[in-house]
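Below is one structure, written out as structure tokens, with a few remarks after it.
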Amino acid sequence: GNYTFDYMKQELRHANKTQKLTTKENELMKILSANINEVVERNYALTSVWGDDSYFNGRSMDVYIAKLRKYLLHDNKVEIQNIHGKGFKLVVSG
């Protein structure tokens, strides 16, 4: 896609717009970016970012995924998909 993800600066850039990421958004984006077009298992993401896969942390992660989806709306070649019963996939086409 047309995004630049800078893990060290916790930034997601598109054109002239820079979105500062929270620490959890940044960690999730790092995991998704490292596995482009591959399924990232929900439990793996939860234990990597939150330390455990409790129900409440899972609900929190869903909110962060929704925020990342909003940040990625500017490019229709990039999206975060839910993979039912598995986890998430950062899909980059084209």
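Here the structure is a predicted model, which means the values were calculated and not measured.
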*Using the test ring pair (Phe, Tyr, Trp, His ring centres under 6.0 Å), find all partners of Tyr71 that sit at least two apart in sequence or belong to another chain.*
none

*Of all heavy-atom pairs between Tyr3 and His74, which one has the smallest distance, and what is that distance?*
OH-N, 3.0 Å

*Got a sec, which hydrophobics cluster with Val39, joining ILVMFWY side chains under 4.5 Å apart, including via others?*
Ile83

_Pairs touching residues 84-94 that satisfy side-chain hydrogen bond (donor to acceptor under 3.5 Å, both in side chains), sequence neighbours left out_ = none

*Between Leu46 and Met61, which heavy-atom pair has the shortest distance, and what is it?*
CG-CE, 3.7 Å

_Expected output: side-chain Asp53 to main-chain Asn43 donor-acceptor under 3.5 Å_ = no

*Would you call Met29 and Leu90 a side-chain contact if the rule is heavy atoms closer than 4.5 Å?*
yes

*Does Lys70 NZ have over 12 foreign heavy atoms under 6.0 Å away?*
no

_Partner of Phe88 by side chain to side chain contact (heavy atoms under 4.5 Å, CB included), out of Ile31, Leu28, Ile65, Asn35_ = Ile65

*asked:* If I take atom NZ from residue Lys9 and atom CG from residue Asn26, how far apart are they, to the nearest 0.5 angstrom?
replied: 13.0 Å

*Please list, chain by chain and in numerical order, all residues satisfying side-chain hydrogen bond (donor to acceptor under 3.5 Å, both in side chains) with Gln81, sequence neighbours excluded.*
Glu79

*Does some side-chain heavy atom of Ile80 sit less than 4.5 Å from a side-chain heavy atom of Leu32?*
yes

*Does Gln10 reach the main-chain N or O of Leu21 with its side chain, forming a donor-acceptor pair under 3.5 Å?*
yes

*How about Leu68 and Glu25: do any of their side-chain heavy atoms sit closer than 4.5 Å?*
yes

_Close side-chain approach of Glu11 to Phe5, heavy-atom, < 4.5 Å_ = no

*Quick one: which residue pairs count as a salt bridge (Lys or Arg N to Asp or Glu O under 4.0 Å) with a foot in residues 28-52, not counting sequence neighbours?*
Arg42-Asp62

*Any donor-acceptor pair under 3.5 Å from Asn37 side chain to Val92 backbone*: yes

*Do the side chains of Leu72 and Leu12 get nearer than 4.5 Å, heavy atoms only?*
yes

_With Gln19 via side-chain hydrogen bond (donor to acceptor under 3.5 Å, both in side chains) - residues at least two apart_ = none

*Do Trp50 and Phe56 have ring centres separated by under 6.0 Å?*
no

*Decide yes or no for Val63 and Ser60: does some side-chain heavy atom of the first lie under 4.5 Å from some side-chain heavy atom of the second?*
no

